[in-house]
Amino acid sequence: MHSPRETPSAAELLARARALIPRLAARAAQGERERRVPPENIAEMQAAGLFHVLRPKRWGGYELDPADFFEIEMALAEGDMSTAWIYGVVGLHPWLMGLLDDRAAEDVWSSDPAALISSSLMPSGVAIPEGDGYRLKGRWSYSSGCEHCTWAFLGATLQGADGAPERALFLVPRTAYEIIDTWHVAGLKATGSHDIDIKETFVPAYRMIRLADTYRGYGPGQTVNTGVLYRYPFGQIFFRGVSICAIGALQGLLNAFLDYAGHRTSHHGRTAEDPHVHLICAEIVVAIDEMRAVLHHHLRLMRGYAERGELPPLSDRIRYKFHTAAIVERCRDLATRLFTATGGRGLYADQPFGRIVADISAARQHFSNQYEVLGRNWGRTLFGFKDNKDLVL
């Protein structure tokens with residue numbers, strides 16, 4: 001266990017994140033070419049203490065509110081969405097560590113307090129009980145930021161007590177797996193979301209947590225991590241990490257466009273004088289205000305449940321989940337409309353517009369951002385039909 005750091009205020013941490021925006025933007029094209037976020041981005045986020053926002057205090061973290069974390073993520077996305085995406089995944093794993101047996105945190109941080117954890121949560125592996133742990137093997141896709149991490153949370157299926165298959169997450173060190181270079185994609189190129197392969201490795205039982213427990217906001221780590229932060233349902237926190245960054249990216253796109261359009265003249269006249277441009281920019285500002293307001297409203301409601309030691313009603317979680325996916329759908333549509341206003345010059349690689357639109361569009365492909373699927377699930381409950389609980393998380 002580490003001595004708790006002096007906890008900076010949420011405002012100070014947000015100011016540190018905002019100070020990084022110009023440098024993240026300046027390196028974004030490099031990250032896209034190299035298909036990995038530049039190491040300098042990770043180092044600067046580390047130095048700013050951003051990966052400690054949701055980390056348990058007993059391990060040197062700050063245990064701040066999830067709303068503070070997501071404000072930081074949105075700020076980072078104004079500079080580079082791939083960097084923010086990695087932060088939204090890797091930066092949330094210290095929160096998940098708070099639910100595991102504390103021996104897991106000791107394994108990760110006792111020798112390396114700066115250690116980071118990537119993940120691939122789909123149950124692509126198989127875990128077989130053996131002694132006081134499990135024999136794990138499999139191959140996992142989409143492990144964002146894995147090249148910057150020394151541990152990984154990996155999903156697998158095991159046999160439950162009643163004989164039925166059960167999903168769980170296993171925490172595995174970098175020495176136990178191989179990273180396979182597979183990330184040749186159209187958007188979010190710098191996330192380096194490669195495959196992870198394990199032929200076979202042993203994982204002690206204390207480095208495993210059942211997904212069903214995390215969904216109800218429960219884990220053995222709560223015996224020592226007693227703060228309200230560790231009583232939120234897993235899915236309602238974790239999957240916002242791959243949604244909220246779209247808001248920041250849309251803001252970054254608007255910022256770049258306002259600078260670009262201020263001195264651009266086409267055959268149709270000055271872009272800054274075009275009423276169509278005025279309308280789409282105004283719509284984007286209003287949309288960002290609305291999406292942020294709904295995000296914070298839902299987080300406040302969830303905090304109330306967590307403070308009372310209650311789980312939000314299933315109907316609320318279905319609604320929250322659809323709102324989360326709707327963010328990316330809305331941001332993609334608005335970004336695409338603004339992109340058309342950049343004209344032919346906006347296509348060039350020395351401009352950020354195409355990259356940002358591609359990044360937001362790539363985020364829309366994520367399992368948890370499937371607008372139609374999650375919308376149908378919420379809509380059917382309005383008619384009294386049974387929901388699909390696998391989509392709620």
Side-chain angles (χ1 to χ4, degrees), residues 13-51 53 69-92 116 118 142-149 183-194 240-260 284 288 327-328 331-332 334-336 338-339 342 346 348-366 369:
L13 287 164
L14 181 57
R16 295 177 191 176
R18 298 203 66 82
L20 296 179
I21 292 174
R23 295 197 291 279
L24 299 183
R27 300 183 192 122
Q30 172 193 344
E32 185 176 47
R33 288 192 306 270
E34 297 177 354
R35 297 182 300 114
R36 67 185 304 228
V37 162
E40 297 92 331
N41 291 9
I42 302 298
E44 290 177 3
M45 289 191 289
Q46 287 272 32
L50 303 187
F51 289 107
V53 172
F69 178 88
F70 292 124
E71 282 293 325
I72 290 169
E73 181 180 354
M74 286 187 282
L76 296 173
E78 289 187 38
D80 177 40
M81 186 171 172
S82 284
T83 298
W85 179 280
I86 289 176
Y87 182 69
V89 176
V90 174
L92 277 172
L116 300 177
S118 70
Y142 312 116
S143 189
S144 299
C146 58
E147 293 172 297
H148 303 285
C149 299
W183 196 242
H184 299 270
V185 292
L188 291 174
K189 295 179 181 180
T191 62
S193 303
H194 301 298
R240 278 177 167 79
V242 293
S243 166
I244 299 307
C245 51
I247 300 176
L250 181 61
Q251 181 67 62
L253 180 66
L254 177 62
N255 295 344
F257 179 81
L258 292 174
D259 180 64
Y260 166 86
I284 288 173
I288 290 173
I327 285 172
V328 187
C331 288
R332 183 197 61 178
L334 290 166
T336 301
L338 187 60
F339 185 43
T342 66
Y348 283 81
D350 63 342
Q351 301 291 343
F353 308 119
R355 182 185 69 252
I356 297 173
V357 172
D359 287 348
I360 296 174
S361 298
R364 175 62 172 79
Q365 303 299 100
H366 194 279
N369 292 330

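Worth saying up front: this structure is predicted, and the values here are computed from it rather than measured.
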Chemist: Report yes or no: does Asp80 contribute a side-chain atom to a donor-acceptor pair with the main-chain N or O of Leu24 at less than 3.5 Å?
Modeler: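 No: the side chain of Asp80 does not pair with the backbone of Leu24.
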Chemist: Run the salt bridge (Lys or Arg N to Asp or Glu O under 4.0 Å) check on Glu34 and Lys189 step by step: do they pass?
Modeler: CA-CA 8 Å; Glu34 297 177 354; Lys189 295 179 181 180; over 6 Å; no
Chemist: Report the residues that fulfil salt bridge (Lys or Arg N to Asp or Glu O under 4.0 Å) with Arg364, sequence neighbours left out, ordered by chain and then residue number.
Modeler: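 Partners of Arg364 by the salt bridge (Lys or Arg N to Asp or Glu O under 4.0 Å) criterion, ordered by chain and then number, come out as Glu329, Glu372.
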Chemist: Mind jotting down which residue pairs meet the salt bridge (charged side-chain N to carboxylate O under 4.0 Å, His left out) criterion with at least one end in residues 39-50? Sequence neighbours excluded, please.
Modeler: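 Qualifying pairs: Arg23-Glu44, Arg27-Glu44.
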Chemist: Mind running side chain to side chain contact (heavy atoms under 4.5 Å, CB included) on His194 and Arg35 for me, showing each step along the way?
Modeler: CA-CA 10 Å; His194 301 298; Arg35 297 182 300 114; 3.7 Å; yes
Chemist: Run the side chain to side chain contact (heavy atoms under 4.5 Å, CB included) check on Tyr348 and Phe353 step by step: do they pass?
Modeler: CA-CA 9 Å; Tyr348 283 81; Phe353 308 119; over 6 Å; no
Chemist: I need the minimum non-hydrogen distance between Thr191 and Leu188, along with the two atoms involved.
Modeler: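 Taking every non-hydrogen atom into account, OG1-O, 2.8 Å.
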Chemist: When you compare the side chain of Gln351 with that of Thr342, does any pair of heavy atoms fall below 4.5 Å?
Modeler: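 No - every pair of side-chain heavy atoms lies 4.5 Å or more apart.
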Chemist: From Leu254 CG over to Ile356 CD1, what is the distance, rounded to the nearest 0.5 angstrom?
Modeler: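 One gets 10.0 Å once the value is rounded to the nearest 0.5 Å.
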Chemist: Just checking, is any N or O donor in the side chain of Ser118 or Ser143 under 3.5 Å from an acceptor N or O on the other one?
Modeler: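 Ser118 vs Ser143: donor-acceptor pair found between side chains.
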Chemist: Using every non-hydrogen atom in the two residues, find where Gly31 and Pro38 come nearest and quote the distance to one decimal.
Modeler: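 Taking every non-hydrogen atom into account, CA-CD, 4.0 Å.
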Chemist: Search all heavy atoms of Pro352 against all heavy atoms of Ala256 and return the closest pair with its distance.
Modeler: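 Looking at all heavy atoms of both residues, the shortest contact is CG-CB, 3.9 Å.
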Chemist: Do you know the tightest heavy-atom contact between Gly241 and Leu92?
Modeler: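 Of all heavy-atom pairs spanning Gly241 and Leu92, the closest is CA-CD1, 4.0 Å.
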Chemist: Ile360 and Ala246: which non-hydrogen atoms are nearest, and at how many Å?
Modeler: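 Scanning both residues completely, I find the closest heavy atoms to be CD1-O, 4.2 Å.
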Chemist: Hey, what do you get for SG (Cys331) to CG (Leu338), rounding to the nearest 0.5 Å?
Modeler: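 Those atoms lie 12.0 Å apart.
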Chemist: Please report the interatomic distance CG(Leu76) to CD1(Ile244), rounded to the nearest 0.5 Å.
Modeler: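 Answer for the CG-CD1 pair, Leu76 versus Ile244, is 13.5 Å.
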Chemist: Is Asp359 close to Ser82 at the side-chain level, that is, under 4.5 Å between some pair of heavy atoms?
Modeler: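 Yes, at least one pair of side-chain atoms sits under 4.5 Å.
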Chemist: Can you tell if the side chain of Trp85 reaches within under 4.5 Å of the side chain of His366, non-hydrogen atoms only?
Modeler: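 Trp85 vs His366: side chains touch.
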Chemist: Quick one: CD on Glu147 to CD1 on Ile86, what's the gap to the nearest 0.5 Å?
Modeler: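 Glu147 CD to Ile86 CD1: 9.0 Å, rounded to 0.5 Å.
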Chemist: Rounded to the nearest 0.5 Å, what's the gap from OG1 on Thr83 to CG on Asn41? Could you check?
Modeler: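 Taking OG1 in Thr83 and CG in Asn41, the distance rounds to 4.0 Å.
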Chemist: Going by atom types alone, do Gln251 and Asn255 pair a side-chain donor with an acceptor below 3.5 Å?
Modeler: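 Yes - a donor-acceptor pair under 3.5 Å links their side chains.
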Chemist: Are more than 12 heavy atoms from other residues, nucleotides or ligands located less than 6.0 Å from atom OH of Tyr142?
Modeler: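 Atom OH in Tyr142 is not crowded, with 12 or fewer foreign heavy atoms closer than 6.0 Å.
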Chemist: Decide if the gap between the ring center of Phe51 and the ring center of Tyr87 is smaller than 6.0 angstrom.
Modeler: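 Yes, the ring centres sit under 6.0 Å apart.
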Chemist: Please determine whether a side-chain nitrogen of the Lys or Arg among Arg18 and Glu78 lies less than 4.0 Å from a carboxylate oxygen of the Asp or Glu.
Modeler: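 Yes, this pair counts.
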Chemist: Please find the pair of heavy atoms, one from Leu50 and one from Ala17, that lie closest to each other, and give the distance.
Modeler: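 Between these two residues, the closest heavy atoms are CD1-CB, 4.2 Å.
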Chemist: So, does Arg16 use its side chain to make a donor-acceptor pair with the main chain of Ala48 at under 3.5 Å?
Modeler: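 Here the side-chain-to-backbone pair exists.
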Chemist: Going through the checks in order, is the side chain to side chain contact (heavy atoms under 4.5 Å, CB included) test met by Val90 and His148?
Modeler: CA-CA 10 Å; Val90 174; His148 303 285; over 6 Å; no
Chemist: Begin with the C-alpha distance, continue with both residues' side-chain angles, and end with the deciding distance and a verdict on side chain to side chain contact (heavy atoms under 4.5 Å, CB included) for Leu334 and Leu250.
Modeler: CA-CA 8 Å; Leu334 290 166; Leu250 181 61; 4.1 Å; yes
Chemist: Report yes if some heavy atom in the side chain of Ile42 is under 4.5 Å from a heavy atom in the side chain of Leu116; otherwise report no.
Modeler: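 They are in contact (side-chain heavy atoms under 4.5 Å apart), so the answer is yes.
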Chemist: Is there side-chain contact between Val357 and Ser361, with heavy atoms separated by less than 4.5 Å?
Modeler: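 Heavy-atom side-chain distance check passes, below 4.5 Å.
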Chemist: Can you tell me how far CD of Glu32 sits from CD of Gln30, rounded to the nearest 0.5 angstrom?
Modeler: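 Those atoms lie 11.5 Å apart.
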